[in-house]
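Report on the structure given below.
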Amino acid sequence: MAYWVLHVDLDQFLAAVEVLRRPELAGRPVVVGGKGDPTQRAVVATASYEARAFGVRSGMPLRTAAKRCPDAVFLPADNAHYEEVSEEVMATLRDRPGVVVEVMGWDEAFVGAETGDPEALAAAIRSDVLERTRLRCCVGIGDNMLRAKLATGFAKPGAGEGVYRLTAANWAEVMHHRDTRALWGIGAKTARKLAERGITTVGELAAADPAALAAELGPALGPWYVQLGRGIGRVVVEGTPWVPRSRSHETTFQENLTEWEDVRIEVAALARRVAAEIAGAGRPAVRVAVKVRFAPFSTSTRSATLDAPTTDAERFAAAALDVLERFPSRRAVRLLGVRAEFAPV
DNA sequence: TCTGGGGTCCTAGGACCC
DNA sequence: TCTGGGGTCCTAGGACCC
């Protein structure tokens, strides 16, 4: 018996959930996002594998998706429903005896367990989830969370057989030749910075000097990147419920707001909505942040610590409006956002 | 191809205090 | 008259992830 980390990731989650509700869509390219109207300002949340075959990807504007795949079925995102289905999946995972489940989002979770046969556990989880929710998932197996998460990528349809194991034993063989971008936590910007320093592969990153990277990329981030390259990560899956640090809402307007009075009205409305939710959760805000994306696409934020923690809608809205007035520009506005931050626990 | 919404964590500079 | 360090808080922005 040894401690293993499994990473469970549902296949094309939003699209799969929609196909369950409308079985006639099975086998068709399905694109979920925004209000389901490809002429609006919105992006793809999930594309089915059939739509991906046309080059449709998450994060792509719906308009672009429609050009690449004119025959796709466009559906609005129904977050409340996905939330419900996700709960059912997570409950299924938790029902397996002896496991600890750490939820990472609607469609993925880590499972920690003592077992002598992690592949058997992975297979059992896949059949549990399929039986109870009719959804398919892949499972990555690792000796820590980083390796389990990356293993899932090698288990996915088109890449693997549904289950894959990545540990210290095969890390170098599987990962060292890959681009640093393959790591969980290294995006395009960091990969470029590393490349400028002669580090392009995972193996090169693993061999880098943590102190040198600390000096160049930050005292915490630099050494952490080297750890990523070596496949080092948190080992123990935590089952304790997550305590959110903040709560926010933001809106992209279909037509830019050109009147500052309208901007004020929308910020107040967003603030009241956030306040109602944090009041419902019993979590007073200690800070408020306002985000403004001016046309065409330049974004800035301003924030302030509140005089006293509050859940009161009018006080929170007033604070948000005060922060809004600190923006020096009155140009046309594409997006507004309001965030409440909670006191550290 | 004109680029969503909801989050988390890190960094760096300045203020302020001792 | 000129100049220490350390510590903490606040704030804006960057980067990443789902």
Side-chain angles (χ1 to χ4, degrees), chain A residues 7-10 12-14 31-46 54-69 76-77 79 82-83 86 103-110 145-146 149-150 152-153 180-181 183-194 214-225 228 242-254 256 270 273-274 277 286-306 323 326-328 334-344:
Chain A
H7 177 258
V8 179
D9 193 308
L10 293 155
Q12 44 172 3
F13 178 56
L14 272 50
V31 177
V32 182
K35 298 196 162 56
D37 177 354
T39 67
Q40 287 200 345
R41 283 178 174 172
V43 300
V44 176
T46 302
F54 289 86
V56 178
R57 298 284 178 269
S58 296
M60 173 182 286
L62 291 185
R63 208 176 256 119
T64 310
K67 277 186 196 132
R68 296 204 180 180
C69 186
N79 293 358
Y82 309 142
E83 182 72 42
S86 176
V103 177
M104 295 301 286
W106 282 342
D107 65 342
E108 62 177 281
F110 287 99
M145 292 169 71
L146 171 66
K149 165 81 182 173
L150 294 173
T152 306
T180 56
R181 188 74 177 76
L183 294 165
W184 185 39
I186 295 191
K189 299 286 175 72
T190 303
R192 187 171 46 72
K193 279 191 211 168
L194 290 170
E216 298 180 43
L217 299 175
L221 290 177
W224 179 61
Y225 294 142
L228 287 182
W242 176 253
V243 181
R245 270 71 163 164
S246 67
R247 177 88 192 197
S248 69
H249 281 293
E250 64 185 60
T251 314
T252 293
F253 302 100
Q254 290 303 318
N256 297 338
L270 283 167
R273 189 173 158 203
V274 170
E277 290 171 358
V286 298
R287 275 181 75 73
V288 57
V290 176
K291 172 171 163 182
V292 181
R293 176 125 68 212
F294 295 101
F297 206 73
S298 60
T299 310
S300 29
T301 59
R302 293 285 183 279
S303 61
T305 301
L306 301 176
V323 170
R326 304 215 322 259
F327 284 86
R334 177 190 175 93
L335 167 149
L336 291 171
V338 173
R339 184 175 76 243
E341 293 177 15
F342 306 124

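Lettering of chains follows the sequences in order, A, B, ..., and the numbering in each one begins at 1.
A straight line from CG of A/L306 to P of C/dC9 spans 17 Å, rounded to a whole angstrom. Rounded to an integer number of Å, the gap from CZ of A/F13 to P of C/dC17 is 21 Å. A/L217 has its CG atom 11 Å from the P atom of C/dA15, to the nearest Å. Computed from coordinates, the A/L221 CG to B/dC9 C1' distance equals 8 Å when rounded to whole Å. When the C1' atom of B/dC10 is taken as reference, atom CD of A/E216 falls 17 Å away, rounded to whole Å. Atom P of nucleotide B/dG6 and atom CD of A/E108 are separated by 19 Å, given to the nearest angstrom. The nearest whole Å value for the distance from the CH2 atom in A/W224 to the P atom in B/dC10 is 9 Å. Atom CZ in A/R181 sits about 7 Å away from atom P in C/dC16, given to the nearest Å.
At C/dC9, none of the side-chain N or O atoms of A/T305 fall inside 4.0 Å of OP1 or OP2 (strictly under the cut-off). One finds no side-chain N or O of A/R41 lying less than 4.0 angstrom from the OP1 or OP2 phosphate oxygen of B/dG4. At the phosphate of C/dG14, neither OP1 nor OP2 sits under 4.0 Å from any side-chain N or O atom of A/K193. For C/dT11, neither phosphate oxygen OP1 nor OP2 lies less than 4.0 angstrom from any side-chain nitrogen or oxygen of A/R302. Contact between the side-chain N/O atoms of A/R63 and the OP1/OP2 oxygens of B/dT3 is found at a separation under 4.0 Å. At the phosphate of C/dC10, neither OP1 nor OP2 sits under 4.0 Å from any side-chain N or O atom of A/S303.
A salt bridge does not link A/E216 to A/K193: none of the charged nitrogens lies less than 4.0 Å from a carboxylate oxygen.
Sequence order on DNA chain B of the closest nucleotides to A/M60 and A/T251 puts A/M60 first from the 5' end. Both A/G218 and A/R273 lie near DNA chain B, and the one whose nearest nucleotide falls closer to the 5' end is A/R273.
When heavy atoms are screened at a 4.0 angstrom cut-off, A/W242 is found touching the sugar-phosphate backbone but no base atom. Residue contacts for A/R334: at a heavy-atom cut-off of 4.0 Å it reaches a base atom on one of the strands shown. Residue contacts for A/L14: at a heavy-atom cut-off of 4.0 Å it reaches no nucleic acid atom on any strand shown. Backbone-only contact: A/R293 has heavy atoms under 4.0 Å from sugar-phosphate atoms and none from a base. Residue-level contact check: A/S58 touches neither bases nor backbone, having no heavy atom under 4.0 Å from any strand. Here A/L62 lies out of heavy-atom contact (under 4.0 Å) with every strand. Among the protein residues, A/K35 comes within range of no part of the nucleic acid, since none of its heavy atoms lies under 4.0 Å from any strand. Backbone-only contact: A/T190 has heavy atoms under 4.0 Å from sugar-phosphate atoms and none from a base. Backbone-only engagement by A/A304 is indicated by non-hydrogen atom pairs under 4.0 Å involving sugar-phosphate atoms exclusively. Within 4.0 Å of A/G187, counting heavy atoms only, lie sugar-phosphate atoms of the nucleic acid but no base atom. Using a 4.0 Å heavy-atom cutoff across all strands shown, A/A65 reaches no nucleic acid atom at all. Using a 4.0 Å heavy-atom distance criterion, A/R68 is classed as making no nucleic acid contact. Among the protein residues, A/R339 comes within range of no part of the nucleic acid, since none of its heavy atoms lies under 4.0 Å from any strand. Contact annotation for A/D107: backbone-only contact, meaning every heavy-atom pair under 4.0 Å involves sugar-phosphate atoms and none involves a base.
C/dC18 and B/dT3 are spaced 23 Å apart, taking the P atom of each and rounding to whole Å.
The side chain of A/T301 approaches C/dA12 more closely than any other nucleotide in the set C/dC18, C/dA12, B/dG4. Set against B/dG7, C/dC18, C/dT11, the side chain of A/W184 has C/dC18 as its closest nucleotide. Proximity note for A/H249 (side chain, C-beta onward) versus B/dT3, B/dT1, B/dG6: the nearest is B/dG6. If you check B/dG4, C/dC17, B/dG6 against the side chain of A/S248, the one that comes closest is B/dG6. Checking C/dA15, C/dC18, B/dG7 against the side-chain heavy atoms of A/K189 singles out C/dA15 as nearest.
In terms of modelled atom types and a separation under 3.5 Å, the side chain of A/Q254 and the main chain of A/R41 share a donor-acceptor contact. Without hydrogens or angle criteria, A/S58 side chain to A/A45 main chain gives a donor-acceptor distance under 3.5 Å. A distance-only check finds no donor-acceptor pair linking the side chain of A/R68 to the backbone of A/A66 [under 3.5 Å].
Across all strands shown, B/dA12 is found opposite C/dT11 as a Watson-Crick or G-U wobble partner, with both distances under 3.5 Å.
By the 30° and 60° cut-offs, the orientation of the rings of A/F110 relative to A/W184 is tilted.
Between the side chains of A/R287 and A/S303, at least one donor N or O sits under 3.5 Å from an acceptor N or O.
Residue side chain A/F297 fails the stacking definition with respect to B/dC2, as its ring centre and the base's six-membered ring centre are not both under 5.5 angstrom apart and under 30 degrees in plane angle.
In this structure, A/T152 and A/H7 approach most closely via the heavy-atom pair OG1-ND1, 2.7 Å.
Enclosure of atom CZ in A/F54 is not indicated, since only 12 or fewer non-hydrogen atoms of other residues, nucleotides or ligands lie within 6.0 angstrom.
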